[in-house]
Structures are given as C-alpha cells and as structure tokens.
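The next block holds one structure in the form of structure tokens; read it before the comments.
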Amino acid sequence: MSQFNEFSGVYSLLLTPFNWDRTINYKTYEEYVAWQAAFKPQHLFAVCGSSEMMELTLEERIKCAGLAVKNSDGVPVFATANLETDFNAQVEEMKMLEQQGVKGLVFVTKGMCDKPDAMYDYMTSLASNTELPIVLYEFPGLRPHLMDSVTYGRLAETGKFMGIKDTTCKLTEIKQKIAVQGDSNVLQANIPFLYDSYLAGARGVVATPTACGADLFVKMWDEFTKGDIEAARKTHQHIIALDNCIDSGFMASAKYLVSLRGIDMNWYTRGSHELGAARKRSIEVWYDWAKEEGILK
C-alpha cells in the first residue's frame with residue numbers, strides 16, 4: 001500500500017447556517033457547500049460536531065447531507081450515521097443517508113469507550129448493515145469518547161473502518177493509533193499537533209477550522225504530500241493563527257469569518273455559542289491581516 005489512499009487527506013467540515021429564528025437557511029447552506037467544495041478538499045464532512053448535529057432533527061440531518069451531495073461538485077461527502085438512540089433506528093438512519101448519495105458514513109463512539117469489547121461488537125454489528133466505507137469519530141459530546149489504540153487496531157483490521165477522527169489532543173496517544181492504523185487513516189482534529197502528527201504518520205485532518213479556512217488545510221496537505229515539508233511547516237503556522245482567531249465560541253466565530261469571506265451567513269447557533277462586538281472586531285482585524293499577508297483571500 002502507498003502511504004496515502006482515497007480516504008486520506010482533508011475532510012472539510014460543514015457548518016449549519018441558521019435564520020434569526022434558528023430554522024436552517026438551506027439556500028445559504030447550498031451556497032456554502034459549493035464554496036467549501038471549490039477549495040478541492042479530499043472530502044466534505046456533513047452532519048458533524050461543527051454542524052451542531054446534536055441540535056438537528058433526523059429530518060434536518062438527512063436533508064443537509066443530501067444538499068451537501070447535490071452541491072459538492074463531486075467531492076465525496078461523509079456524514080454521521082448513528083446519532084439515533086436505538087440500534088434499529090440507527091440502521092434506518094444509515095439507509096436514509098445512503099439514499100442521499102453520501103460516499104461514506106461516520107460512526108461516533110457513543111460514549112462506549114470505557115467498554116472496549118462492547119464497543120467493538122457494536123461497531124462491527126452496525127457496520128454489517130452497510131457497504132459504504134466508515135470513519136470513526138471520537139465525538140466529545142458523548143463521553144467517554146476516546147478509543148484506545150488496541151480497539152482501533154482491531155476495528156481497522158476488519159477492513160470496514162477506513163479511519164478515525166482522533167480527538168485525544170495528546171501526541172503520545174495519536175502515535176499509538178498511528179502504530180496500528182494499517183491500511184486505515186488516523187485523521188487529526190488537534191491543530192497544535194497537526195504538523196507533528198503528519199510527520200508521525202497521520203494521514204489527514206478533520207478539524208474545526210476547516211469549516212472556514214479549508215484552503216489553508218488543502219495547501220498544507222498538498223505541500224506535505226509533495227514532500228515540501230518546510231512549506232507545510234510554515235502553512236501550519238498560519239493555521240495555528242486561524243485556530244486561535246476562531247477558538248472562542250468557534251461555531252459562531254467560524255460562521256462570522258465565512259461571512260467576511262463572501263458567503264451571506266450570520267453567526268447564529270442553536271447552542272451556547274455567542275458573538276459580541278469585541279469578538280467580531282477581533283476576527284475582522286485578523287482577517288484583514290490575513291488578506292494583506294496573502295494568507296487568505
């Protein structure tokens with residue numbers, strides 16, 4: 001196997017734009033998906049944590065996934081598929097997503113990581129109901145969420161699980177998963193260790209700032225995979241600055257940066273993220289600097 005494969009690379013997260021009454025603005029969503037796809041990431045990730053997936057109904061999740069496929073210009077779309085509480089309902093959830101044309105499914109770890117054998121049985125049983133590739137997701141919203149490397153290695157060996165969105169934020173544990181990834185892909189969510197994890201053998205990224213700065217992540221990935229390690233290191237510095245810019249109330253902050261970059265999206269969320277005047281101004285100043293330095297358009 002070559003070092004990278006069709007499931008390696010940048011997975012750009014998709015935000016969910018809301019109207020003032022917190023209904024979904026589907027028109028803006030379609031424009032935003034097309035904007036994200038234009039950066040040519042390897043994948044788009046609909047129905048994710050940054051999409052506020054836990055605040056969306058099943059109907060909304062399925063519709064968002066379908067619209068992502070429709071507006072993706074051929075970029076493969078993955079979507080979280082096991083948010084329903086009942087196993088049989090999760091199977092139906094998977095089938096509904098398949099009918100929308102997604103190219104892969106994402107399974108969250110469902111707060112089962114303190115019961116590795118039970119989690120293994122659950123994951124493999126659920127996976128037996130689909131032919132689509134699956135990426136695992138250590139979703140912090142359902143704890144305990146961090147999968148041990150032994151269990152990940154066992155799941156990777158089945159050939160059904162193509163990767164994992166690792167959210168450990170600890171380089172030692174990232175490397176433990178990399179050691180057992182085999183033909184699968186450890187996909188990094190932690191920005192400070194992104195460059196280090198690439199050097200250690202991680203095969204991609206699934207991180208919050210891709211929702212508003214996917215072009216930087218695609219640039220870094222292209223530089224790294226082409227062997228220009230020094231250029232990738234410098235681009236990582238710019239990504240660190242982006243991450244710090246949107247870190248506080250990141251869903252609202254990311255939406256505001258998207259609006260500054262030309263998509264008519266307001267910052268509203270269904271959760272607790274807010275955006276005051278000072279925070280807006282901070283993002284505006286940072287974005288002006290990024291444009292002046294040629295970091296972002």
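By the criterion of side-chain heavy atoms lying less than 4.5 angstrom apart, applied directly or through intervening Ile, Leu, Val, Met, Phe, Trp or Tyr residues, Leu97 is grouped together with Leu126 in one hydrophobic cluster. Leu275 and Val285 are not part of a single hydrophobic cluster, where members link through side-chain heavy atoms under 4.5 Å apart. Linking ILVMFWY side-chain heavy atoms closer than 4.5 Å, directly or via other members, places Leu146 and Leu171 in two distinct hydrophobic clusters. In the hydrophobic clustering of this structure, Val69 groups with Phe39; members are Ile, Leu, Val, Met, Phe, Trp, Tyr whose side-chain heavy atoms approach within less than 4.5 Å, directly or through other members.
Residue pairs meeting the ring-ring contact (aromatic ring centres under 6.0 Å, His included) criterion with at least one member in residues 59-81, sequence neighbours excluded: Tyr11-Phe78, His43-Phe78. Pairs engaging residues 135-162 under the ring-ring contact (aromatic ring centres under 6.0 Å, His included) rule: Phe45-Tyr137, Tyr137-Phe139 [sequence neighbours left out]. Within the structure, every pair that satisfies the salt bridge (Lys or Arg N to Asp or Glu O under 4.0 Å) test and touches residues 106-131, not counting sequence neighbours, is listed here: Asp117-Arg154. Listed by first and then second residue, the salt bridge (Lys or Arg N to Asp or Glu O under 4.0 Å) pairs involving residues 184-199 amount to none (not counting sequence neighbours).
A donor-acceptor contact shorter than 3.5 Å is absent between the side chain of Ser12 and the backbone of Ala214. With hydrogens and angles disregarded, no donor-acceptor distance shorter than 3.5 Å links the side chain of Glu30 to the backbone of Asn71. The backbone N or O of Met147 sits nowhere less than 3.5 Å from a side-chain atom of Thr151 that would complete a donor-acceptor pair. Listed for the Arg279 side chain is no donor-acceptor partner under 3.5 Å among the backbone atoms of Gly276.
For Thr167, there are no side-chain hydrogen bond (donor to acceptor under 3.5 Å, both in side chains) partners two or more places apart in sequence or in a different chain. Residues passing the salt bridge (charged side-chain N to carboxylate O under 4.0 Å, His left out) test with Arg261 are Asp215, sequence neighbours excluded. Applying the salt bridge (charged side-chain N to carboxylate O under 4.0 Å, His left out) criterion to Lys177, with sequence neighbours excluded, gives Glu138, Asp166. Residues forming a side-chain hydrogen bond (donor to acceptor under 3.5 Å, both in side chains) with Glu59 (at least two apart in sequence, or on another chain): none. For Arg22, there are no salt bridge (charged side-chain N to carboxylate O under 4.0 Å, His left out) partners, not counting sequence neighbours. Residues meeting the side-chain contact (heavy atoms from CB on, under 4.5 Å) test with Gln99, sequence neighbours left out: none.
Atoms CD1 and CZ, from Ile229 and Phe224 in turn, are 4.5 Å apart once rounded to the nearest 0.5 Å. Note that the CE atom of Met162 and the OG atom of Ser8 stand 11.0 Å from one another [nearest 0.5 Å]. Annotation: the span from Leu155 atom CG to Phe107 atom CZ amounts to 10.5 Å, rounded to 0.5 Å. Considering NE2 of His236 and CD1 of Ile239, their distance stands at 6.5 Å, rounded to 0.5 Å. Summarising the geometry, atom OG1 belonging to Thr109 is positioned 9.0 Å from atom CG belonging to Asn82; distances are rounded to the nearest 0.5 Å. One distance of note links CG of Leu142 with SG of Cys113; it measures 10.0 Å at 0.5 Å rounding.
Here the closest heavy-atom approach between residue Ala37 and residue Pro41 is recorded as O-CD, 3.9 Å.
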Q: Apply side chain to side chain contact (heavy atoms under 4.5 Å, CB included) to Lys291 and Tyr287, showing your working.
A: CA-CA 6 Å; Lys291 287 189 295 182; Tyr287 181 51; 3.5 Å; yes
Q: Kindly determine whether Trp221 and Phe4 satisfy ring-ring contact (aromatic ring centres under 6.0 Å, His included), including the steps that lead there.
A: CA-CA 11 Å; Trp221 179 252; Phe4 306 112; 5.0 Å; yes
Q: Go through the steps to decide whether Met220 and Tyr198 satisfy the test side chain to side chain contact (heavy atoms under 4.5 Å, CB included), and finish with yes or no.
A: CA-CA 10 Å; Met220 181 182 177; Tyr198 280 179; 3.9 Å; yes
Q: With side chain to side chain contact (heavy atoms under 4.5 Å, CB included) as the test, would you mind laying out the steps for Thr168 and Ile174 before giving the verdict?
A: CA-CA 7 Å; Thr168 59; Ile174 294 167; 3.5 Å; yes
Q) After noting the C-alpha distance and the side-chain angles of Arg203 and Gln181, does the key distance pass the side chain to side chain contact (heavy atoms under 4.5 Å, CB included) rule? A) CA-CA 10 Å; Arg203 295 174 178 155; Gln181 69 183 337; 3.4 Å; yes
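Between Pro133 and Phe7 there is a side-chain heavy-atom pair separated by less than 4.5 Å. Side-chain contact between Leu194 and Gln188: present, with at least one pair of heavy atoms (C-beta onward) separated by less than 4.5 Å. By the 4.5 Å heavy-atom criterion applied to side chains, Thr130 and Ile134 are counted as neighbours. Side-chain contact check for Asp148 versus Pro116: some heavy-atom pair is nearer than 4.5 Å. Residues Phe18 and Thr23 have side chains not in contact (no heavy-atom distance under 4.5 Å, counting atoms from C-beta outward). Using a 4.5 Å cut-off on side-chain heavy atoms (C-beta onward), Ser51 and Leu15 make no contact. Residues Pro76 and Leu44 have side chains not in contact (no heavy-atom distance under 4.5 Å, counting atoms from C-beta outward). Residues Phe217 and Asp222 are not in side-chain contact: their nearest non-hydrogen atoms beyond the backbone lie 4.5 Å or more apart.
Within a 6.0 Å sphere centred on NZ of Lys27, heavy atoms belonging to other residues, nucleotides or ligands number 12 at most. Dense packing is recorded around NZ of Lys160, with more than 12 heavy atoms of other residues, nucleotides or ligands lying under 6.0 Å away. Heavy atoms of other residues, nucleotides or ligands lying less than 6.0 angstrom from NZ of Lys175 number 12 at most.
Donor-acceptor pairing under 3.5 Å is recorded for the side chains of Asn5 and Asn185. Ser149 and Glu173 share no donor-acceptor pair across their side chains, judged by distance under 3.5 Å alone.
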Only pairs under 3.5 Å count here: list side-chain donor-acceptor contacts from residues 87-96, not counting sequence neighbours, and write none if there are none.
unit_1, atom_1, unit_2, atom_2, d
Gln90, OE1, Tyr122, OH, 2.6
Gln90, NE2, Glu84, O, 2.6
Glu93, OE1, Leu83, N, 3.1
Glu93, OE1, Glu84, N, 3.0
Glu93, OE2, Arg61, NH2, 3.1
Glu93, OE2, Leu83, N, 3.3
Lys95, NZ, Asn129, O, 2.5

For residues 240-256, please give each side-chain donor-acceptor pair under 3.5 Å, one per line with the distance, not counting sequence neighbours.
unit_1, atom_1, unit_2, atom_2, d
Asn244, ND2, Ile240, O, 3.1
Ser253, OG, Ser248, O, 2.7
Ser253, OG, Gly249, O, 3.2
Lys255, NZ, Thr16, O, 2.6
Lys255, NZ, Glu52, OE2, 3.1
Lys255, NZ, Tyr268, O, 2.7
Tyr256, OH, Glu284, OE2, 2.4

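Between Tyr32 and Tyr29, the angle of the ring planes lies from 30° to 60°, which puts this pair in the tilted group.
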